[in-house]
Amino acid sequence: MKSLGSIRRDFAPWSDPNAKPYIQFDKVTKNFGDFTAVNNLSLTIFEREFFALLGASGCGKSTLLRMLAGFEEPTSGRILLDGQDLRGIPPYRRPVNMMFQSYALFPHMTVEKNIAFGLKQEGMPAQDIEKRVAEMLKLVKLEQFAKRKPHQLSGGQRQRVALARSVAKRPKVLLLDEPLGALDKKLREETQFELMDLQQELGLTFVVVTHDQEEAMTMADRIAIMDKGEVMQVATPAEVYEAPTSRFVAHFVGNVNMFEGKVAERSASTTRITGATGAQIVVDNGGDAAAGANIVFAIRPEKIRVTSKKPADAVNALEGEVYDVAYLGDMTVYHVKLDDGQIVRASALNAARVSEDPLTWNDRAWVSFRPDAGVVLTR
Ligand code: ATP
């Protein structure tokens, strides 16, 4: 497969066999009574990585973060930081800081006092505190707001104060639990980019917990997708989207079409799939699917073309009828009901103002796609 690498082109320690792991979860299990929140989970995070834990509510991602911070201990397994086993080390002695969902700012203190709080507790000399606070205010662009109290700030500004406070002590690792949860959509998007810039500037390792796939995709170098206390896949955003390794991940991130089928023929370069109702699909990469295996062919809507005539050069073309059309401005989404009854979702970018091949409800239509457009999944 062609490279589906990192966004930061020169940063991919996970593909370097000699790179030293920074944070290691080694067969970690966490039970609460007879409930297993994290199940025999192993995971490696590298220094300076922006790492996201993504999953539905209750999948165990916050528990994982809290164990790294030291608020919970694993029932079994080890957590290592820079080679050191963290068991028994209290939170305040770990080079880790956590920014909470609620920010937990002190309401009666000004912005600068909030930022200075942890430094003061640590016994840092007053002039050093002053210098560090000024540095932090500049970093999060809140210099003019130093004397305000939290209630005199917007949600986004409060979020930045919390961030400044959590990096003021210069932790090596910053843990962020749903850091942008309290912000509205527009502000959240802006703040995502700010967080990425800040992480780069400070050269810290960030581990962020989120249930928002777009957020994880935007910010993270790599994403761990979790389900029921287990990691389903760890990969770059592009890999997670373009090369999911299971139905769960394919479904979890973005929209996807799934064709149930069987591998009819398999060679090094081509895999031919017979769909449940007889349709034939030819793909370049059959993954680990052997001939005869029951599989699912997963393909994203934007990889599918919808045309009124069968494209002459199409390797894969299936006929049906336009069932639904939604014009969304930047793109149009089609639902095409194939002759075998399956509904296919396809999306087309509206690159020109006028479509050359306008299609509407009940038109006969062909959906077509390239042999490298989707993935074959065996689990
Ligand atoms: P959310 O996005 O809702 O915060 P999450 O993926 O972060 O979800 P966790 O907070 O890690 O989920 O919780 C995982 C599971 O463990 C949940 O089912 C939760 O109810 C359970 N759990 C967490 N903490 C405790 C606890 N102290 N005692 C008992 N059960 C707990």
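Since the model is a prediction, treat every value here as computed from it, not as a measurement. Atoms within each ligand, like the ligands themselves, are counted from 1 in listed order. Quick note: numbers below take in every heavy atom, side chains included, and nothing from hydrogens, waters or symmetry partners.
With Tyr241 as the aromatic partner, Arg300 meets the cation-pi criteria of under 6.0 angstrom to the ring centre and within 45 degrees of the ring axis. Geometrically, Arg379 does not engage Phe248 in a cation-pi contact, judged by NZ or CZ lying under 6.0 Å from the ring centre and within 45° of the ring axis.
The closest approach between Ala56 and ligand 1 falls below 4.0 Å for a heavy atom of the residue. Assignment of Gly60 to the shell around ligand 1 is supported, since a heavy atom sits closer than 4.0 Å.
Considering backbone and side-chain atoms alike, Leu64 places every N or O at 3.5 Å or more from each N or O of ligand 1. Taking any N or O of Ser62, backbone or side chain, at least one lies under 3.5 Å from an N or O belonging to ligand 1. Between Glu178 and ligand 1, not a single N/O pair is under 3.5 Å apart. Residue-to-ligand polar distances keep Phe32 apart from ligand 1: every N/O pair is separated by 3.5 Å or more.
In this structure, Glu73 places its CD atom where more than 12 heavy-atom neighbours from other residues, nucleotides or ligands lie under 6.0 Å away. No more than 12 heavy atoms of other residues, nucleotides or ligands sit less than 6.0 Å from atom OH of Tyr92.
Two rings, from Phe51 and Phe206, have their centers 6.0 Å or more apart.
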